Each structure stands twice: as structure tokens, then as C-alpha cells.
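Note that the structure is predicted; figures quoted are calculated from it, not measured.
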Protein chains: 2
Amino acid sequence: MSQIEMRHLRTLVALRETGSLVEASERVFLTQSALSHQIKELEGRLGCSLFLRKTRPVRFTSAGNRLLQLADEVLPRLHNAELDLDRFAGGQSGRIIMAIECHSCFEWLLPAIDAYRNEWSDVELDISSGFHFAPFPALARGDLDLVITADPLDEPGITYFPIFSYEAQLAVAKRHPLVEKPWAEPRDLADEVVITYPVDRERLDLFSGFLEPAGVEPARVRHAELTTMIVQLVASGRGVTCLPNWALHEYLQNDYVVVRSLGEEGVWPTLYAAVRKDQADAPFMKAFIDVAKQVCFANLRGIVTAELG
Amino acid sequence: MSQIEMRHLRTLVALRETGSLVEASERVFLTQSALSHQIKELEGRLGCSLFLRKTRPVRFTSAGNRLLQLADEVLPRLHNAELDLDRFAGGQSGRIIMAIECHSCFEWLLPAIDAYRNEWSDVELDISSGFHFAPFPALARGDLDLVITADPLDEPGITYFPIFSYEAQLAVAKRHPLVEKPWAEPRDLADEVVITYPVDRERLDLFSGFLEPAGVEPARVRHAELTTMIVQLVASGRGVTCLPNWALHEYLQNDYVVVRSLGEEGVWPTLYAAVRKDQADAPFMKAFIDVAKQVCFANLRGIVTAELG
DNA sequence: AGATATTTTTGAATTCTATTCATGTCACAA
DNA sequence: TTGTGACATGAATAGAATTCAAAAATATCT
């Protein structure tokens with residue numbers, strides 16, 4: 001079916017630039033015989049001659065000129081594509097489509113993305129809103145490239161990089177009874193209204209790391225979208241909430257609320273970046289995780305480094 | 001050095017459109033095994049994977065998408081080029097750069113070109129002004145594609161097509177002595193002023209076909225650019241001229257001048273279109289010669305058909 | 001779950017094609 | 001003419017792309 005190959009285009013261009021088969025052959029690192037065969041065969045398949053040889057420099061026919069025009073259109077594009085692919089191959093470029101399991105992570109993820117974009121401008125970046133429910137299959141099959149999670153399950157083909165650990169703290173109003181206690185016990189919340197982000201319970205530290213293990217159910221769960229809104233409600237005594245210590249820090253400074261640890265030890269989740277093994281070593285990916293960590297430690301009060309468990 | 005071939009681009013496109021190796025392989029008329037090898041090998045050379053197979057339809061990586069972009073740029077251009085080349089191959093298109101040896105031929109050549117262009121709009125047409133001196137070498141080496149000539153030399157690689165024959169006639173003033181004679185003899189011009197186009201003598205019928213064979217030199221040769229100008233000079237008795245009968249026809253009708261044959265038989269040159277053998281059978285070329293003949297016989301009075309001597 | 005069908009991978013064999021090598025031809029200059 | 005440089009040609013070779021056959025890996029169905 002098809003006839004023309006890249007090598008033909010390159011030969012023709014070399015021929016135009018040198019004017020003879022002999023020199024052109026040196027240019028494309030072939031023997032002159034090879035070029036002679038190559039062109040003869042192409043001419044045969046095309047059914048028309050491409051240039052007149054009995055002249056110096058060679059003179060192209062209309063067909064030859066048409067092919068040269070094609071070469072001028074195609075070869076530069078090919079070259080550019082190869083340069084881009086080299087960058088992909090070297091891990092200098094790529095795609096990071098992310099999903100987050102942790103609702104308040106937007107707060108540090110967006111600044112991290114901004115910082116990263118400065119250095120790695122041609123990495124394709126996006127936060128996916130579509131895979132909140134089942135991010136790991138999506139990560140495995142390539143719909144996602146990075147998932148921020150607090151639960152490093154031992155999935156094959158997935159690598160986890162710890163970002164940081166924080167304390168999941170209970171925030172209560174200043175005259176709440178728990179203010180009198182050094183820390184909270186699960187049953188202290190049995191009669192409370194708990195205010196949370198409107199997300200699944202498994203994704204809330206208070207439930208997954210504290211109440212559910214103890215089999216305690218609060219009196220009521222109330223939802224609010226925004227962190228400030230939640231804190232306002234808590235401050236005015238409408239309920240209690242559980243948020244990362246770094247998110248509560250500023251409200252604590254302003255003396256809006258009082259915080260207590262969940263249990264004597266406190267609950268200390270660790271956030272991980274989960275990536276596919278094949279991308280785990282790519283420079284553009286490692287760089288993203290490094291930038292994220294840096295941004296977090298620079299901006300968030302109360303977090304600590306974490307090692308992979 | 002280079003990696004990417006047309007076949008890779010076609011495979012990737014087929015893969016995008018079908019979503020699986022199996023179907024893509026049917027599309028490009030190869031085994032699916034072949035595609036697997038082909039892509040694996042390309043990925044190896046590029047150093048990065050192009051798509052994720054464990055999904056239906058397959059999902060392209062950034063690198064894969066970049067290659068698809070290249071394919072979208074290149075394959076349509078390749079296709080267009082192939083269509084054009086088919087036309088060249090079928091002789092449906094081509095290039096005709098012409099030169100004329102006969103000065104007054106412009107008069108019928110330009111209308112012929114106009115008529116031809118209507119039917120064969122994408123044949124590249126041009127009248128070269130650069131090769132009046134040595135048109136045949138230029139024709140042989142491809143600087144020219146067609147030469148209008150009255151002397152069909154037996155050059156190898158050149159084919160001659162007769163266009164028409166005409167009589168080269170002597171035009172004289174109405175009271176010129178030659179009016180009394182039935183035809184002119186060479187020596188009748190020994191004392192005359194001869195008015196010609198400002199071109200070489202070999203290209204003038206009067207000299208090449210009449211005076212030089214007889215060894216006669218006129219008293220003086222005077223030049224004028226335009227046919228009308230020449231005829232005016234002749235009519236007012238400033239000299240004699242030799243022009244094709246078809247060029248003199250209108251002046252004869254208006255009774256400006258009198259014409260006489262050169263010798264008893266008259267001089268009857270034939271105009272030929274000389275073309276390179278390899279183009280001689282191309283439809284676009286044959287069509288040009290046909291159109292030229294038609295136009296001539298429709299417009300020129302006094303010409304006759306000619307066979308190849 | 002397990003069993004079947006489908007799709008992709010893999011390694012070896014094969015077929016095909018581009019290239020080289022060694023001449024041969026041609027045109028042109030001395 | 002002979003000699004020189006450039007292109008062509010045919011046979012041999014080397015190198016690839018492709019196929020074949022069989023095995024993994026995935027998806028599908030009950």
C-alpha cells in the first residue's frame with residue numbers, strides 16, 4: 001500500500017543539499033549504491049522519476065519537488081516530536097493527574113502545584129474530581145497518576161511516598177466539658193454532635209482512627225463544606241469536630257476553640273503520595289513529591305516528618 | 001539515528017481508533033503479534049512506553065499522545081503528497097517550461113497556453129526567456145520541457161511533434177519591382193534593405209532557408225521589434241521583409257503590401273514541438289500539443305498540416 | 001469462585017528488504 | 001584515445017519486520 005518512508009525524504013533532502021548521489025550518500029551514512037537502489041526502487045513504485053541525474057547539481061522533476069515539499073513539512077515535525085519524546089524518556093516531562101482522599105489537603109496541595117509548575121512547566125498537571133470513590137484501580141490502570149492517601153494498602157505495582165504526619169485533633173468550644181480533661185476518650189463523644197466535611201466516614205480520621213475501632217457512634221453528624229464554617233459552629237457550641245492540627249493552628253492562636261488529642265497518644269495519620277511503580281523513579285514525579293513536602297513543611301504548623309511504615 | 005517510521009504512526013492511529021491490538025492489526029494488515037513486537041521495539045528505542053494495554057480501550061501515555069499528534073500532522077500530508085504523485089505518475093500533471101526559436105510564434109502560443117490552462121489547471125506552465133541561445137541542451141537536461149523549433153535535429157532522447165507548416169513569404173511595397181515577377185530569386189534581394197526581428201540569422205527563414213544556401217547577402221539588414229512596425233516600414237518602401245504567411249494575412253487583406261514566394265516552390269518551414277522522450281507520452285504533454293495545433297488551425301490562415309519528415 | 005474466551009506477550013523461525021560489495025556503464029576532460 | 005568521476009546494476013549479505021506457535025495475562029460468564 002504505502003510507499004514513502006522517512007528515509008526517502010531524508011535522502012531527497014540530502015540530494016538537494018549536496019547535488020549528487022555520492023555526497024548525499026555520505027550525508028545519510030550509506031553507500032552511493034544504496035541510494036541508487038533506494039531511489040530507483042521508489043521511483044519504480046511511484047511510477048515516475050524524481051530527478052535527472054545527468055547534470056550537476058541534480059535537477060528535480062515536478063514529482064521530486066513535490067516530495068521535497070513533503071519532506072520540508074514532515075522532517076522538522078518529526079524532529080520536534082523526537083525532542084519531546086526524549087524528554088519523556090528522560091523523565092523530564094510527563095503527566096500527573098491526581099486525586100485526594102483527604103478533604104482538607106486542598107489547602108496545601110494547590111500551593112504545592114503552583115510551586116511545582118514554575119520549575120516543570122511542561123508537565124501536564126490536573127486534579128481529578130472523578131475518582132474519589134475508587135482511586136486505586138484508577139491509579140493502577142492509568143486514569144490517575146498520583147493519589148494522596150492516608151492508608152498505604154499493599155497494592156502491587158503501587159509505590160507510596162510519605163509526605164508528612166499530623167495529629168488529628170478534636171476541637172471543642174472553650175466552655176465544653178472536655179476542656180477539663182487532658183485528652184478525649186471515644187465515649188466522650190457518644191452524646192455529641194460531630195461536625196464534618198460532607199464525605200464518607202472512612203475518609204475521616206475521627207471515625208476511621210478513633211470512634212469506629214471503639215464501636216462508638218456520636219449522637220448526630222452534621223456536615224459543613226468549609227473549614228471556617230465548621231470551626232465557627234464548634235466555637236459557638238453547636239458540636240465538636242476533628243481536624244488536622246495544622247488546619248486548626250490559626251484558630252487556636254485566635255483563641256476561638258480548645259483542642260484535645262484523641263486518646264492519650266493522639267491519632268497521628270500519615271499522608272502518602274501513591275504512584276505507579278513505573279513512574280516512581282521518574283524525575284518529574286520525584287520532584288513533585290519533593291516540592292509538595294517542602295511546601296508543606298514551610299507552611300503547615302505542627303506536622304512532622306514520617307517514614308514509610 | 002532515527003527511530004520513528006511511518007508504519008509506527010499508522011499503527012498508533014489504528015490503535016487509537018480501534019482500542020485494541022487485535023483490531024488495530026487487522027486495520028494495518030498485520031498480525032497482532034507483529035504489532036506487539038513493533039511497538040515493544042519502538043518503546044525500547046524511545047525509552048518510554050506509549051500506552052497502557054491493561055484496559056479497554058487502550059490508554060495512551062503522554063509520549064503516546066505526542067506521537068499521535070505527530071501522526072496527525074504527518075499522515076494527512078503524506079496522503080496528499082501521494083495523491084499528487086499519482087497524478088504525476090499517470091501523466092495527469094506535470095510541468096511544461098517552453099522556449100521558442102521562432103519569434104512570431106508568440107502570436108499563437110499565448111492563446112494556445114490560455115486554452116490549455118483551462119483544461120489542465122495544475123500543470124505548471126511557463127515560457128522561459130533564458131534559453132534562446134541553446135535550447136536543446138537545456139531541454140535535454142531538464143531546464144526546459146518543450147521547445148518550438150523549425151529544425152528537427154536528430155538529437156537522442158528528443159521527440160519532435162509537428163505542429164503545422166506555413167509559407168515564409170516575402171512582403172514588398174505595392175510598387176516594388178518584384179511585384180512584376182511571379183516569385184523572388186535570392187539575387188533579387190542583393191540590393192535590398194531587409195527588415196527583420198532583432199534575432200540571430202539562423203532563426204530567420206529568409207536567411208536560413210533562402211539567402212544563405214544561395215550565398216546572397218542583402219545590402220543592409222534593419223531590425224524592428226513588432227510585426228506591425230516591420231510591415232509599416234515595408235509598405236512605405238523602406239525595405240522588404242520575410243514573414244509567415246499567416247502573419248501577413250491580415251495586411252494582405254488590407255492591401256498594405258504585396259507578397260511573393262521565395263523561389264518557385266516557396267519556402268515551407270514546419271514548426272515542431274520538441275520534447276524529451278520520457279515526457280513524450282505523458283497525457284498532459286500530448287494534450288498540450290493537441291491544443292496548440294487546434295488553436296493554430298482555428299486562428300491562423302494559410303497554414304497546412306505537416307507530417308514528420 | 002472457577003472455567004472459558006479474549007487479548008497480549010514472547011521466543012524462534014522465516015521471509016523480506018535494505019544495504020553492501022564488486023563491477024559495469026556512461027559522460028566528459030585531457 | 002585514455003583516464004576520471006558519477007551513477008547503475010546484479011549478486012550476496014546482513015538486518016528487520018513479520019509470522020507462527022505457545023504461554024501469560026485479562027476479561028467474561030455462570
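The listed nucleotides are C:dT8, D:dT18, D:dC7; the one nearest the side chain of B:L30 is D:dT18.
Between A:E5 atom CD and C:dT19 atom C1' there is a gap of 16 Å when expressed in whole angstrom units. Taking atom CD on B:E23 and atom P on C:dT6, their separation rounds to 13 Å, with Å as the unit. At whole-Å resolution of the value, CD1 in B:I39 and C1' in D:dA17 are 13 Å apart. Atoms CG (B:L21) and P (D:dT18) sit 14 Å apart, rounded to a whole Å. To the nearest angstrom, P of C:dT8 lies 15 Å from CG of B:L50. Atoms CD (A:E43) and P (D:dC7) sit 13 Å apart, rounded to a whole Å. Rounded to whole Å, the distance from CD on B:Q32 to C1' on D:dA23 is 12 Å. When the P atom of C:dT7 is taken as reference, atom CG of B:L52 falls 18 Å away, rounded to whole Å.
Annotation: salt bridge (charged side-chain N to carboxylate O under 4.0 Å, His left out) contacts of B:R95 (sequence neighbours excluded): B:D145. Taking the salt bridge (charged side-chain N to carboxylate O under 4.0 Å, His left out) definition, one finds that A:R66 meets it with B:D84, sequence neighbours left out. Residues forming a salt bridge (charged side-chain N to carboxylate O under 4.0 Å, His left out) with A:E202 (at least two apart in sequence, or on another chain): none. Under the side chain to side chain donor-acceptor pair (under 3.5 Å) criterion, B:Y116 pairs with no residue, sequence neighbours left out. Every residue was checked against the ring pair (Phe, Tyr, Trp, His ring centres under 6.0 Å) condition with A:F207, not counting sequence neighbours, and none meets it.
A cation-pi arrangement is absent between A:R27 and A:F29, since the terminal nitrogen or guanidinium carbon is not both under 6.0 Å from the aromatic centre and inside a 45° cone about the axis.
Contact annotation: B:R7 side-chain N/O to D:dA17 OP1/OP2 distance is under 4.0 Å. For A:T31, no side-chain nitrogen or oxygen approaches OP1 or OP2 of C:dT19 to under 4.0 Å. For C:dT8, the OP1/OP2 oxygens have no side-chain nitrogen or oxygen of B:S36 closer than 4.0 Å.
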Nucleotide N/O to protein N/O under 3.5 Å, stretch nucleotides 11-14 of chain C:
{"residue": "C:dG11", "atom": "O6", "partner": "B:H37", "partner atom": "NE2", "Å": "2.8"}

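Taking the side chain as every heavy atom from C-beta outward, A:L46 and B:F88 never approach each other to under 4.5 Å.
Remark on DNA chain D: of its neighbouring residues A:V58 and B:Q38, the 5'-side contact belongs to A:V58, judged by nearest-heavy-atom nucleotide.
Side-chain atoms of B:E41 and base atoms of D:dA17 include no donor and acceptor less than 3.5 Å apart.
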